[in-house]
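Step one of this worksheet: look at the structure below.
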Amino acid sequence: MDKKVRVRFAPSPTGGLHLGGVRTVLYNYLYARQHGGDFVLRIEDTDQNRYVEGAEQYIYDCLKWCRLIPDESPLKGGPYAPYRQSERKHLYYQYAQQLVDAGHAYYAFDTPEELERMRADLKTDENPNPQYGHATRGRMRNSLSLSREEVMQLLEKQTPYVIRIKMPENETVRFTDMIRGEVHFDTNQVDDKVLLKADGMPTYHLAVVVDDRLMQISHAFRGEEWLSSAPVHILLWKYLGWLDEMPQWAHLPLILKPDGHGKLSKRDGERLGFPVFAMNWTDPRTNESAQGFRERGFLPEAFINMLAVLGWNDGTEQEIFSLDEMVSKFSIERIHKGGAKFDFEKAKWYNHQYLQRKTGAELAELAMPYIMAHTATPTPEYLAKVCELIKERCTLLPDFWEQGHFFFETPEIKELDTIKQKWDENKKAFFQNWISMLESLPSWDHLSIENSFNEAIQAAGLKKGDIMLPLRIMLVGGKYGPGVFLIAEMIGKEDTVQRVNHAISLF
RNA sequence: GGCGCGUUGGUCAAUCGGCUAAGACGCCUCCCUUUCACGGAGGAAUGACGGGUUCGACUCCCGUACGUGCUACCA
């Protein structure tokens, strides 16, 4: 019998939530839902130096916005609480000690300065990064190189120490990654990673395996940057005697910079002008802030859909997936092995697609804050009609103002010259005449308005094509927007007349 | 430097040995539209390289190149 599917997302609360992180959450979530399993959020706050106020709450907020709510978390609790590693501190020591007792780990008393010196001394062009491992541990101060008495003495004197894993020599660690298949490592190449720090906190390496085991995690999804340390984790599972309970690993491909050279970072977003975090993030210490997809005007559905397809597809031509569809169609076998360069244009295309699928009323609700930010206060009904009219030219939420501001305010006429160049007395007379016709128009709807316009054109002997653009510019301010007569209908007789009159006065 | 992982158009990608190599984004042309957009029709653009295996290789194997990750008492 297979054990119950339990997956986990384990971020460290040190800053904004990267889109790659959100994708990891998504894949976790999809896998859990698909298999009727549990999705747990575990906070990996073992590095007290990197603790950032508010970062944990921010993560909850991002997950909530994305609608990827964990079943168990520090906030929600659950049967395996606590879910914050700092609160689990007392749990780890015994396992580290167990490893020491079994000879799979050892005490190391080296100070940071000693470590630095070792690295400096051993550094060569051939080996720019000397490791603390089988080749070097003999010359360091640890319970392998020191006599039993010396070690006891150091311990008694409360000398600060760390516990390191003792990597075996000449072994090959193999495992099957759900995405990459067979992966193997030569243990001579991997160093004696610190498991327990001098402050008594575990490192990531110890904490993941202890917590994954204690929390009964069945499948572990994480970024490819962890692949190299997988042998440490696997050996830990083995040495702790839990190998038959080890989760299945899946190392997700990285999301890379659009212009090459490395994984996508916050800096790239700033440099290239797009968000990298799910939501706005301001670092409370430096006050540096970074924009989020949410604030840029993305819909969470579009954001999620775009991320899902960055590294996965269902094998068909389908590109738009609802969350439910993803849950049923997702499969780890179809996740790509190679990293993907992030394409902001495609992200915007997704948002446009999702915007088109919404009703005017739905869009009104989403766009309202952006409209009100410009101190306009339309009724929801009016905004809904506007949204319906302009949605196909909107990609991001702020576009509803850019594309529709003239429905809420008298626009500044930016294309004044376009009219001015061909302006003459005939046109002036035409508009004056038409306005007076409008005043007595019995019904204010776009068809009636256009009919009267056509009549006036004929009467004046002008060409409709020569008048349409000036009229648009008078009402809109520029050469864009939905049908002019629809606009006139929406803004009403009074504003229409007033805008035309105002324009005439400018020539 | 070492080790791991990867490699189909500019980008995301389909293809599980039969390919005249899908589709999408972006780009270009045209149509629609007396604006902009939407929509429609076209177009340019791809298997890193070299060896095998095979009747047949984008698909399998091996090398090379390139990319990328790790190489902290950070995750």
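Chain naming here is simple, since letters A, B, ... match the order of the sequence lines and numbering starts at 1 in each.
At a threshold of 4.0 angstrom between heavy atoms, the contacts of A:Glu224 include nucleobase atoms, whether or not backbone atoms are also involved. A:Ser229 comes within 4.0 angstrom of no nucleic acid atom, judged by non-hydrogen atoms across all strands. Among the protein residues, A:His184 comes within range of the sugar-phosphate backbone only, with heavy atoms under 4.0 Å from sugar or phosphate atoms but none that close to a base. Among the heavy atoms of the strands, none lies under 4.0 Å from A:Pro231. A:Asp110 comes within 4.0 angstrom of a nucleotide base, judged by non-hydrogen atoms across all strands. Across all strands shown, A:Lys463 has no heavy atoms under 4.0 Å from either base or sugar-phosphate atoms. Nucleic acid contact class of A:Val162 (heavy atoms, under 4.0 Å, all strands): base. Across all strands shown, A:Ile467 has no heavy atoms under 4.0 Å from either base or sugar-phosphate atoms. Counting non-hydrogen atoms under 4.0 angstrom, A:Asn129 reaches a base of the nucleic acid. Contacts of A:Ala340 with the nucleic acid, taken as non-hydrogen atoms under 4.0 Å apart, involve only primed sugar atoms and P, OP1 or OP2. Across all strands shown, A:Gly478 has no heavy atoms under 4.0 Å from either base or sugar-phosphate atoms. A:Gly481 comes within 4.0 angstrom of a nucleotide base, judged by non-hydrogen atoms across all strands. Among the heavy atoms of the strands lying under 4.0 Å from A:Gly262 are primed sugar atoms or P, OP1, OP2 only; no base atom is included. Residue A:Val190 is out of contact with every strand shown, counting any heavy-atom pair closer than 4.0 Å.
Of the candidate nucleotides B:G69, B:C38, B:C73, B:G69 has the atom lying nearest to any side-chain atom of A:Lys263. Ranking B:G6, B:U68, B:C70 by closeness to the A:Arg180 side chain, first place goes to B:G6. Checking B:C3, B:A75, B:G10 against every side-chain atom of A:Lys197, the shortest atom distance belongs to B:A75. Of the candidate nucleotides B:C74, B:C25, B:C5, B:C25 has the atom lying nearest to any side-chain atom of A:Trp349. For A:Arg393, the side-chain atoms get nearest to B:C36 when compared with the rest of B:C36, B:C73, B:C12. Checking B:G4, B:U35, B:C73 against the side-chain heavy atoms of A:Leu227 singles out B:G4 as nearest. Taking only side-chain atoms of A:Asn313, from C-beta outward, the nucleotide of B:A13, B:A75, B:U71 with the closest atom is B:A13. You'll find that the side chain of A:Lys346 is closest to B:C25, out of B:U68, B:C25, B:U15. Side-chain proximity of A:His336 to the nucleotides B:C36, B:G23, B:A14 is greatest for B:A14.
An OP1 or OP2 oxygen of B:G4 is reached within less than 4.0 angstrom by no side-chain nitrogen or oxygen of A:Lys337. Between A:Ser12 and B:C74 there is no side-chain polar atom (N or O) within less than 4.0 angstrom of OP1 or OP2. In this model, the phosphate group of B:A72 is not approached by any side-chain N or O of A:Arg50 to a distance below 4.0 Å at OP1 or OP2. Between A:Lys341 and B:U11 there is a side-chain N or O to OP1 or OP2 distance below 4.0 Å. Checking the phosphate oxygens (OP1, OP2) of B:G2, no side-chain nitrogen or oxygen of A:Asn127 falls inside 4.0 Å. Between A:Arg164 and the phosphate of B:C73, there is a side-chain N or O to OP1/OP2 separation shorter than 4.0 Å. OP1 or OP2 of B:C73 lies within a sub-4.0 Å distance of a side-chain N or O belonging to A:Arg119. Not one side-chain nitrogen or oxygen of A:Lys193 sits closer than 4.0 Å to the OP1 or OP2 atom of B:C70.
The residue among A:Asp47 and A:Asp343 whose nearest nucleotide of RNA chain B is located toward the 5' end is A:Asp343.
Following rounding to the nearest Å, A:Phe185 (CZ) and B:G4 (P) show an atom-to-atom distance of 8 Å. Between A:Met167 atom CE and B:C70 atom C1' the separation is 14 Å, expressed in whole Å. In this structure, the CG atom of A:Asp314 is 14 Å from the C1' atom of B:C12, given to the nearest Å. Distance CG (A:Asn49) to P (B:A75): 10 Å, rounded to an integer number of Å. Distance A:Ile487 CD1 to B:C36 P: 13 Å, rounded to the nearest Å.
Remark: A:Arg174 is not positioned above the aromatic ring of A:Phe185, lacking an NZ or CZ atom under 6.0 angstrom from the ring centre and at most 45 degrees off the axis. For the pair A:Lys346 and A:Trp349, the distance from NZ or CZ to the six-membered ring centre is under 6.0 Å and the angle to the ring normal is within 45 degrees.
Using a cut-off of 4.0 Å between Lys/Arg side-chain N and Asp/Glu carboxylate O, A:Glu288 and A:Arg267 are scored as salt-bridged. The existence of a salt bridge linking A:Asp211 and A:Arg88 is confirmed by a sub-4.0 Å separation between a basic side-chain nitrogen and an acidic carboxylate oxygen. In summary, A:Asp259 and A:Arg271 engage in a salt bridge, as defined by a charged side-chain N under 4.0 Å from a carboxylate O.
Using cut-offs of 30° and 60° for the angle between ring planes, the A:Phe408 and A:Trp401 rings count as parallel.
Counting heavy atoms from C-beta outward, A:Asp495 and A:Phe406 have side chains that stay 4.5 Å or more apart.
Across the P atoms, B:A13 and B:U33 are found 39 Å apart, a figure rounded to whole Å.
Atom NZ of A:Lys123 has 12 or fewer heavy atoms from other residues, nucleotides or ligands within 6.0 Å.
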